[in-house]
Undergrad: 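The structure under discussion is supplied below as structure tokens; questions concerning it will follow.
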2 protein chains.
Amino acid sequence: MKPRHGHISESCRPISEILSLIGDKWTSLIIGRLRGEPLRFNELKRRVDGISQKVLTASLRALVRDGFVERIEYPTVPPSVEYRLTPFGHELAEPLSVLQQFALDNASRMEAARAAYDARTGGEKPGQQKTQLIQPATMP
Amino acid sequence: MKPRHGHISESCRPISEILSLIGDKWTSLIIGRLRGEPLRFNELKRRVDGISQKVLTASLRALVRDGFVERIEYPTVPPSVEYRLTPFGHELAEPLSVLQQFALDNASRMEAARAAYDARTGGEKPGQQKTQLIQPATMP
DNA sequence: CGGAATCCTACACGATACTG
DNA sequence: CAGTATCGTGTAGGATTCCG
């Protein structure tokens, strides 16, 4: 799931790597949930609403591999696995939360800017146009 | 190009949005280049090494739309277009640069963690490997 | 110079089913 | 409970060509 970035000029590859890590659809939310308390797999899945089991598994493994999350397996029955941020993970979580806070604080500004832009450009969306809303005529 | 994120639980959608914005392959690097000085299109393209014209165009438009970048068109001939961070863009760039600095500072730690993980799990499972950095072999 | 239009591929993610 | 396995889809992003 990680290798979204090919090469990039050597010097900034670490940047690309970490940003692709936290920039994917879910990872940053997972980290956010794991601040505060360790969580078990399904509990975490419940709290990160909408995430699929497959993606959660993959994301967690990437985080474990990079040393941000620790996976602790308790030999109980039924099995119980706990995920928690490592100290390294908490170091990452801190500047990350700053960015998240920025996002929350400025969500309305972004939305306003977007609305203004869309009004300016005549309502045409960036990228390709999808002006044809093909409504499927009938649904018997 | 931006709305990679579908719905997500309402409360954290702004987070997802902004993180998908800066988390894509290039946008954060573009913002980094625009700190310090405004740049023209092709100059920016040159400095963000490896980016395609199409993606640069799309990324810039998204940034303009969200209010982080300003596009200034000079009616010269040949045409000249300048991109610069807005004040809002600089606000975003700041926490972002913190994260980038974190990435640079801890690149070796991440790599070490990865190596340790791969050594730990490497001997046994033939399964598919994650996070393989595909080196593109040649840059003619 | 600064894009737009088009084609194409890889991969992130979702849905579903199965397992220890 | 905590995953693994597999298939299908959308789309980000690369390469190329063309335009004012």
Side-chain angles (χ1 to χ4, degrees), chain A residues 1-8 16 19-30 39-46 48-62 64 71-83 121 124-130, chain B residues 1-8 16 19-27 29-30 39-46 48-62 64 71-83 121 124-134 136-140:
Chain A
M1 133 181 231
K2 290 312 70 151
R4 298 228 310 278
H5 295 195
H7 56 305
I8 317 273
S16 298
L19 286 174
S20 85
L21 177 74
I22 61 97
D24 77 343
K25 196 171 179 178
W26 300 105
T27 302
S28 62
L29 295 175
I30 295 172
L39 290 172
R40 294 176 57 180
F41 185 87
N42 277 299
E43 181 58 24
L44 184 54
K45 182 173 186 307
R46 250 168 259 126
V48 182
D49 186 64
I51 195 172
S52 72
Q53 171 272 320
K54 173 188 170 182
V55 172
L56 179 55
T57 301
S59 302
L60 282 172
R61 181 169 310 149
V64 169
R71 189 195 120 115
I72 306 173
E73 195 172 349
Y74 297 103
T76 61
V77 79
S80 170
V81 179
E82 186 182 282
Y83 291 93
T121 59
E124 301 192 5
K125 296 304 178 73
Q128 82 284 36
Q129 185 138 334
K130 279 291 203 262
Chain B
M1 144 183 212
K2 293 302 85 148
R4 298 226 314 278
H5 295 194
H7 57 307
I8 317 272
S16 299
L19 285 174
S20 85
L21 177 74
I22 60 97
D24 77 344
K25 196 169 178 177
W26 300 105
T27 302
L29 295 174
I30 295 172
L39 290 172
R40 295 176 56 180
F41 186 86
N42 277 299
E43 180 59 22
L44 183 54
K45 182 173 186 306
R46 252 169 257 124
V48 182
D49 185 63
I51 195 172
S52 71
Q53 171 267 318
K54 172 189 172 183
V55 172
L56 179 55
T57 301
S59 302
L60 282 172
R61 180 171 310 148
V64 170
R71 189 194 120 116
I72 306 172
E73 195 173 348
Y74 297 103
T76 62
V77 70
S80 170
V81 180
E82 184 182 283
Y83 291 94
T121 64
E124 54 219 50
K125 288 204 66 177
Q128 80 281 30
Q129 191 90 308
K130 292 166 52 72
T131 321
Q132 18 159 351
L133 277 193
I134 316 156
T138 52
M139 273 302 285

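Just so it is clear: chains get the letters A, B, ... in the order the sequence lines come, proteins before strands, and each one is counted from 1.
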Undergrad: Would you call B/R71-B/E73 a salt bridge at under 4.0 Å N-O?
TA: yes

Undergrad: To the nearest Å, how far apart are A/I72 CD1 and D/dG3 P?
TA: 13 Å

Undergrad: Among C/dA4, C/dG14, C/dG2, find the nucleotide with the atom closest to the side chain of A/W26.
TA: C/dG14

Undergrad: Verify, without hydrogens or angle tests, whether B/N42 (side chain) and B/K45 (backbone) share a donor-acceptor contact under 3.5 angstrom.
TA: no

Undergrad: Whether the side chain of A/S80 engages the backbone of A/T76 through a donor-acceptor N/O pair (distance < 3.5 Å, no angle test) should be reported.
TA: no

Undergrad: Atom CG of B/N42 to atom P of C/dA4: distance rounded to whole Å?
TA: 13 Å

Undergrad: Quick check for you: to the nearest 0.5 Å, what is the distance between A/T27 atom OG1 and A/L21 atom CG?
TA: 5.0 Å

Undergrad: Between C/dC13, D/dA2, C/dC1, which nucleotide gets closest to the side-chain atoms of A/S80?
TA: D/dA2

Undergrad: Taking CD1 from A/I51 and P from C/dA12, how many angstroms apart are they, rounded to a whole number?
TA: 14 Å

Undergrad: I want to check one thing: is the phosphate of D/dC1, taken as OP1 and OP2, less than 4.0 Å away from some side-chain N or O of A/R40?
TA: no

Undergrad: Write down the distance between CG (A/L56) and P (D/dT4), rounded to a whole number of angstrom.
TA: 11 Å

Undergrad: For B/P79 and for B/T57, locate the closest nucleotide of DNA chain C by heavy-atom distance; then report the residue assigned to the nucleotide nearer the 5' terminus.
TA: B/P79

Undergrad: Using whole Å, report how far NZ of B/K25 lies from C1' of D/dT11.
TA: 14 Å

Undergrad: What integer distance in Å separates A/Q53:CD from C/dG14:P?
TA: 11 Å

Undergrad: Distance check needed: C/dA4 P versus B/E73 CD, whole Å only.
TA: 10 Å

Undergrad: Using a strict threshold of under 4.0 Å (side-chain N to carboxylate O), is an ion pair present between A/R46 and A/E43?
TA: yes

Undergrad: Considering only C/dG14, C/dG3, C/dC13, which nucleotide approaches the side chain of B/R71 most closely?
TA: C/dG3

Undergrad: Round to the nearest Å and state the distance from B/K45 atom NZ to C/dG2 atom P.
TA: 11 Å

Undergrad: Has B/R61 got a side-chain N or O lying under 4.0 Å from the OP1 or OP2 atom of C/dA4?
TA: yes

Undergrad: Looking only at side-chain N and O atoms, does B/Y83 come under 4.0 Å of OP1 or OP2 in C/dG3?
TA: yes

Undergrad: With a non-hydrogen cut-off below 4.0 angstrom, is B/Y74 in contact with a base, only sugar-phosphate, or nothing?
TA: nothing

Undergrad: Please compare B/E43 and B/K54 by the position of their nearest nucleotide in DNA chain C and report the one closer to 5'.
TA: B/E43

